[in-house]
Number of protein chains: 2
Amino acid sequence: MKNLVKTLKSKKCKITPQRLAIYNIIKNSHDHLNVDAIYKKLASDYPTISLATVYKSLELFAQLGLVQVINVGENSFRYDANPKSHPHLVCTSCLTVLDLDETLFPSLTSSVESSTKYKITRQQLCFFGICPDCLELESSSTLTTSS
Amino acid sequence: MKNLVKTLKSKKCKITPQRLAIYNIIKNSHDHLNVDAIYKKLASDYPTISLATVYKSLELFAQLGLVQVINVGENSFRYDANPKSHPHLVCTSCLTVLDLDETLFPSLTSSVESSTKYKITRQQLCFFGICPDCLELESSSTLTTSS
DNA sequence: GTACTTGCAAATATTTTGCAGTTAC
DNA sequence: GTAACTGCAAAATATTTGCAAGTAC
C-alpha cells in the first residue's frame with residue numbers, strides 16, 4: 001500500500017478511495033483476479049463504482065509498474081500485484097492461478113537470446129494442470145460414478 | 001493437408017472448401033494469425049465467407065487437435081497449425097509470433113510437478129522482445145531523431 | 001480553484017449463437 | 001436424402017471512450 005501511495009504521488013496521480021480499494025483487492029488475493037471478479041468484490045463497499053473505473057485504475061497501475069497483466073488463455077485478463085514477471089500455475093479444473101518461484105527455471109531468457117537474435121524483455125511461463133484438491137475430487141468422483 | 005482430411009473423415013466431419021482454405025492459411029503462415037487476419041486472407045478467394053464459419057472451423061480444428069490456440073496477451077487468440085505445445089517468441093514491435101524449439105528448455109514440466117503437487121498437462125512459454133529487424137530500425141531511427 | 005478522476009452511457013472489438021438455406025457424401 | 005455445414009444477423013462478452021459531474025489536493 002505504501003508503495004502504491006508513493007508511486008501515485010510521484011506521478012502526480014490522485015490517491016482516491018477507489019484506487020486504494022482496487023489495489024488492496026489485488027494485493028490481498030492469492031489468486032489472480034480478472035476485472036469482473038475485482039468489480040464484484042468491490043460491490044459491497046462501493047455500490048456505485050463503475051467497471052470503467054476499475055479498467056482505468058488497472059491500466060494506470062500497469063503503466064506505473066505496480067501490477068502485472070497476465071493472460072492464461074482466457075478471453076479476459078487477470079491482474080497480479082507482483083509486477084515482476086514470474087511463472088504461473090493454472091488449475092484447469094478450478095481455474096485458480098498461483099505463482100511459481102522463478103528460481104525453478106534459471107537462465108531461460110539468456111538461452112533464448114543466445115539462440116535467436118532477439119533482445120528479450122519479458123517472459124511469460126504458464127503451466128496448466130490439476131491442483132491436488134481437484135485431483136482428489138476427481139478420483140473420488142470416479143469411484144462414485146464407476147459404481 | 002492429408003492430416004486434415006484424414007482427421008475430418010475419421011470424425012465424420014465434412015471436408016468443405018472453407019475448412020481446407022482456413023487450414024491452409026494457418027499451415028502456410030510462419031506467423032500465427034488471429035481470426036481477423038485469417039478472415040482477411042480468405043476475402044479474395046471467398047468473398048462470401050463469414051467470420052462465424054472461421055470461428056467454427058477453428059474451434060473444430062482445435063477440438064480435433066489439428067491446431068493450437070495461443071494467446072500472447074492480446075485480446076484476441078492466434079492459431080498455430082502445430083498442435084504440440086511449444087514455446088513462442090513475440091516481437092513486441094512488429095507483433096509477429098515465431099516458434100521456438102522446445103529442446104531449448106528440457107524438463108520444465110517435471111521440475112514443476114516435483115516442486116508442487118500438481119499434475120501438469122500443458123505448458124505455455126512465451127518470450128517477449130524485439131526481433132533483429134526491429135532492433136535495426138530502432139537504432140537507425142534513433143540516429144535520425146537525435147540529429 | 002483546478003486538474004484529475006469518477007461514473008454513466010454509448011461505442012468498439014471479439015466471439016458465440018440461432019436458424020434458414022445449402023452442400024458434402 | 002440427410003446430417004452436417006455455411007452465412008447471415010443478432011446476442012453475448014470484454015474493453016474503451018466521451019463527457020458531465022465530482023473530488024483530491
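Lettering follows sequence order; numbering is per chain, from 1. Bear in mind that the values here come from a model prediction, so they are computed numbers and not experimental data.
When the salt bridge (Lys or Arg N to Asp or Glu O under 4.0 Å) test is applied to Asp31(A), the partners found at least two apart in sequence or on another chain are Arg78(A). Applying the side-chain contact (heavy atoms from CB on, under 4.5 Å) criterion to Thr116(A), with sequence neighbours excluded, gives Val112(A), Tyr118(A), Leu89(B), Leu100(B). Applying the side chain to side chain donor-acceptor pair (under 3.5 Å) rule to Lys40(A) yields the partners Asp36(A); only residues at least two apart in sequence or on another chain are considered.
Counting only residues at least two apart or on different chains, the salt bridge (charged side-chain N to carboxylate O under 4.0 Å, His left out) pairs with a member in residues 80-91 of chain B are Lys84(B)-Glu102(B). For residues 11-52 of chain B, every residue pair satisfying the ring pair (Phe, Tyr, Trp, His ring centres under 6.0 Å) rule, not counting sequence neighbours, is listed here: Tyr23(B)-Phe61(B), His32(B)-His88(B). Among residues at least two apart or in separate chains, there is no salt bridge (charged side-chain N to carboxylate O under 4.0 Å, His left out) pair with a member in residues 47-61 of chain A. Residue pairs meeting the salt bridge (charged side-chain N to carboxylate O under 4.0 Å, His left out) criterion with at least one partner in residues 115-124 of chain B, sequence neighbours excluded, are Glu113(B)-Lys119(B).
Between Leu20(A) atom CG and Ile25(A) atom CD1 the span is 11.5 Å, to the nearest 0.5 Å.
Between Gln18(B) and dG7(D) there is a side-chain polar atom (N or O) within less than 4.0 angstrom of OP1 or OP2. Taking 4.0 angstrom as the limit, Thr53(B) places a side-chain polar atom (N or O) nearer than this to OP1 or OP2 of dG7(D).
Taking the side chain as every heavy atom from C-beta outward, Leu60(A) and Leu66(A) never approach each other to under 4.5 Å. Val35(B) places a side-chain heavy atom less than 4.5 Å from the side chain of Tyr79(B). Taking the side chain as every heavy atom from C-beta outward, Phe77(A) and Asn75(B) approach each other to under 4.5 Å.
With rounding to whole Å, Leu20(B) atom CG is found 12 Å from dA24(C) atom C1'. Atom pair Gln63(B):CD and dC5(D):C1' shows a separation of 15 Å (rounding to whole Å applied). Leu58(B) places its CG atom 14 Å from the C1' atom of dT16(C), with the value rounded to the nearest Å. Rounded to whole Å, the distance from CD on Glu74(B) to P on dT15(D) is 14 Å.
Residue Arg19(B) has its side chain nearest to dT6(D) when only dT6(D), dT14(C), dT6(C) are considered.
Applying a 4.0 Å cut-off to non-hydrogen atoms, none of the residues of residues 65-72 of chain A approaches DNA chain D. DNA chain C lies under 4.0 Å from at least one heavy atom of each of the following residues of residues 24-49 of chain A: Thr48(A), Ile49(A).
Backbone-only contact: Ser76(B) has heavy atoms under 4.0 Å from sugar-phosphate atoms and none from a base.
Overall bending of the helix from dG1(C)-dC25(D) to dC25(C)-dG1(D), expressed as the angle between end axes built from five pairs apiece, is 30° (10° steps).
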message: Can you build the contact string for nucleotides 16-25 of chain D? Use B for base contact, S for sugar-phosphate-only contact, and - for no protein heavy atom under 4.0 Å.
response: BBBB----BS
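When all heavy atoms of Leu33(B) and Ser29(B) are compared, the pair lying nearest together is CG-OG, 3.7 Å.
Membership of the apolar cluster around Val97(A) extends to Ile70(A), Val72(A), Val90(A), Phe128(A), as traced through chained side-chain contacts below 4.5 Å between ILVMFWY residues.
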